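Below: the structure, in structure tokens.
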Amino acid sequence: MKLLENKKALVTGSSRGIGRGIVEAFLKEGAEVWGMCTKESAGKSELEALASENGTAFHEFYADAGNADVLTAAVKNALAESGGFDVLVNNAGITRDTLSFRMKKEDWDSVLAVNLTSAFLVGQIISNDMLRKRKGSIINMASIVGLHGGAGQVNYSASKGGLIAYSKSLSKEVGSRGIRVNCIAPGFIDTDMTHAVNEDIRRAWVEQIPLKRAGKPEDVANAALFLASDLSTYITGQVIGVDGGMGC
């Protein structure tokens with residue numbers, strides 16, 4: 001039996017990078033997956049084919065995670081269509097990096113809206129349904145900079161640190177109803193987002209990693225798979241670092 005057979009999962013920020021890796025891992029392990037992104041993804045047909053190969057289904061829907069009204073309506077519609085989710089992965093995220101004294105308020109607001117507020121809004125909708133069923137796993141995608149900070153990333157760091165605190169608090173609220181809430185804190189993962197960083201900076205980051213390589217989306221996806229599955233039924237309120245030892 002596959003790890004997520006007969007489970008339904010919602011993954012936000014599903015079109016590329018870590019989110020795409022998580023969707024692929026979940027489909028291979030038998031989950032029926034709803035992926036949320038801002039527009040139709042280039043890999044939609046590939047994910048549908050992967051789902052079919054594994055005897056399940058992939059559904060893609062669209063919303064701006066920074067628009068509370070649009071996001072709420074889209075997630076409520078997906079919830080009704082699915083009949084309820086066993087797993088939620090809040091992965092949607094953006095960066096607007098610059099030094100704090102140069103940062104525009106709109107860059108602060110937009111990062112907090114997408115990275116933190118959207119997780120609260122989606123989590124509120126989905127956890128209410130999970131409470132009724134008395135089961136579920138919520139996985140929030142934090143970051144190593146949410147634990148240790150990052151120069152030029154005060155908005156991103158604040159959003160990810162807030163996500164960790166939110167997750168720990170929510171885990172205490174819903175644990176008695178059989179719902180687990182955990183965070184994954186990736187380090188330097190090789191994605192489109194990190195490709196935008198200067199190559200010299202990328203090399204310097206790798207030198208700080210004990211395993212001496214950047215992570216891959218599948219490294220994070222494997223951690224998400226563990227937290228989504230029944231292998232982790234006694235784990236909640238935790239932050240799992242997937243960083244090659246960078247945060248030691």
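Worth saying up front: this structure is predicted, and the values here are computed from it rather than measured. Atom set for the values below is all heavy atoms of this structure, side chains included, hydrogens, waters and symmetry mates excluded.
Taking 4.5 Å as the limit, some side-chain heavy atom of Val206 sits within range of a side-chain heavy atom of Phe188. When side chains are defined from C-beta on, Ile139 does not count as touching Leu88, because their heavy atoms never get closer than 4.5 Å. Using a 4.5 Å heavy-atom threshold, the side chains of Leu10 and Val87 count as separate. In this structure, the side chains of Ser229 and Leu4 come closer than 4.5 Å at one or more pairs of heavy atoms. Residues Val145 and Tyr156 are in side-chain contact: their nearest non-hydrogen atoms beyond the backbone lie under 4.5 Å apart. Annotation: side chain of Ile138 is not in contact with side chain of Ile126 (no heavy-atom distance under 4.5 Å). In this structure the side chain of His59 reaches within 4.5 angstrom of the side chain of Glu32, judged on heavy atoms. Residues Lys160 and Asn115 form a side-chain contact, since some pair of their non-hydrogen atoms from C-beta on lies under 4.5 Å apart.
Checked by atom type and distance alone, the side chain of Asp219 pairs as donor or acceptor with a backbone atom of Lys216 at under 3.5 Å. Listed for the Asn91 side chain is a donor-acceptor partner under 3.5 Å among the backbone atoms of Gly13. Side chain of Asn128 to main chain of Gln124: a donor-acceptor pair is present (N/O by atom type, distance under 3.5 Å, no hydrogens or angles). No donor-acceptor pair closer than 3.5 Å links the side chain of Asp129 to the backbone N or O of Ile125. Using a distance-only test at 3.5 Å, with no hydrogens or angles considered, a donor-acceptor pair links the side chain of Lys8 to the main chain of Ser82. In this structure a side-chain-to-backbone donor-acceptor pair under 3.5 Å is missing from Ser157 to Val154. In this structure, the side chain of Ser167 does not engage the main chain of Asn182 through any donor-acceptor pair within 3.5 Å. Put simply, the side chain of Arg96 never gets that close to the backbone of Trp108: no donor and acceptor are under 3.5 Å apart. Side-chain N or O atoms of Ser137 include one that pairs as donor or acceptor with a backbone N or O of Leu227 at under 3.5 Å. A donor-acceptor distance shorter than 3.5 angstrom exists from the side chain of Glu29 to the backbone of Leu3, with no hydrogens or angles considered.
In this structure, Cys183 SG and Ile240 CD1 are separated by 9.5 Å, a value rounded to the nearest 0.5 Å. Within the model, atoms CE of Met246 and CD of Gln208 stand 4.5 Å from one another, a figure rounded to the nearest 0.5 Å. Once rounded to the nearest 0.5 Å, the distance linking CE of Met36 with OG of Ser15 reads 10.0 Å. In this structure, NZ in Lys76 is found 10.5 Å from CG in Leu71, a value given to the nearest 0.5 Å. Distance check: Phe58 CZ to Ser41 OG gives 5.5 Å after rounding to the nearest 0.5 Å. Here CE of Met141 is found 4.0 Å from CD1 of Ile184. Values are rounded to the nearest 0.5 Å.
Nearest heavy-atom pair across Ala51 and Leu27 is CB-CD2, 3.8 Å. Here the closest non-hydrogen pair linking Pro217 and Thr191 is CG-CG2, 4.2 Å. Of all non-hydrogen atoms in Asp64 and Gly66, the two that sit nearest each other are OD1-N, 2.8 Å. For the pair Tyr62 and Lys44, the tightest heavy-atom approach, listed with the atom from each and the gap, is OH-NZ, 3.6 Å. Summarising the geometry of Ala65 relative to Ser118, their closest heavy-atom pair is O-CB, 3.4 Å, with the distance given to 0.1 Å. Listed here is the closest heavy atom pair of Val181 and Thr236: N-OG1, 2.9 Å.
Counting non-hydrogen atoms of neighbouring residues, nucleotides and ligands closer than 6.0 angstrom, the NZ atom of Lys212 exceeds 12 such neighbours. Counting heavy atoms of neighbouring residues, nucleotides and ligands inside a 6.0 Å radius, atom CZ of Phe101 exceeds 12 of them. When the shell of 6.0 Å around NZ of Lys135 is examined, it contains 12 or fewer heavy atoms from other residues, nucleotides or ligands.
The side-chain contact (heavy atoms from CB on, under 4.5 Å) test with Ile144 is passed by exactly one of Ile189, Asp243, Val242: Asp243.
Arg20 has a carboxylate O that lies under 4.0 Å from a charged side-chain N of Glu24, or vice versa, which qualifies the two as a salt bridge. Salt-bridge formation is detected for the pair Asp230/Lys7: a Lys NZ or Arg NE/NH1/NH2 atom is positioned less than 4.0 Å from an Asp or Glu carboxylate oxygen.
Residue Val220 is grouped with residue Phe226 when hydrophobic side chains (ILVMFWY) are merged at heavy-atom distances under 4.5 angstrom, including chains of intermediate members. Cluster membership for Val122 and Leu163, using ILVMFWY side-chain heavy atoms within less than 4.5 angstrom, is shared. Under a hydrophobic-cluster definition in which Ile, Leu, Val, Met, Phe, Trp and Tyr are linked whenever side-chain heavy atoms come within less than 4.5 Å, directly or via other members, Ile164 and Ile94 are assigned to different clusters. Side-chain heavy atoms closer than 4.5 Å link hydrophobic residues (I, L, V, M, F, W, Y) into clusters, and following such links, even through other members, never connects Phe85 to Val33. By the rule that hydrophobic residues join a cluster once side-chain heavy atoms approach within less than 4.5 Å of another member, Leu112 and Val114 end up as members of separate clusters.
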Residue pair Asn54, Lys2: steps toward the side chain to side chain contact (heavy atoms under 4.5 Å, CB included) verdict: CA-CA 10 Å; Asn54 288 278; Lys2 295 183 177 181; 2.8 Å; yes
Side chain to side chain contact (heavy atoms under 4.5 Å, CB included) assessment of Thr117 paired with Leu121: CA-CA 6 Å; Thr117 303; Leu121 293 171; 4.1 Å; yes
Derivation and outcome, side chain to side chain contact (heavy atoms under 4.5 Å, CB included), residues Val89 and Phe26: CA-CA 11 Å; Val89 181; Phe26 282 14; 3.8 Å; yes
Criterion salt bridge (Lys or Arg N to Asp or Glu O under 4.0 Å) on Asp97 and Arg102, from CA distance to verdict: CA-CA 10 Å; Asp97 294 351; Arg102 294 176 181 156; over 6 Å; no
Verdict with reasoning, Lys168 to Glu173, per salt bridge (Lys or Arg N to Asp or Glu O under 4.0 Å): CA-CA 9 Å; Lys168 287 181 174 289; Glu173 291 184 2; over 6 Å; no
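Looking at Trp34 and Glu60, their side chains never bring a donor and an acceptor atom within 3.5 Å of each other. Ser232 and Arg180 form a side-chain donor-acceptor contact under 3.5 Å, judged by distance and modelled atom types alone.
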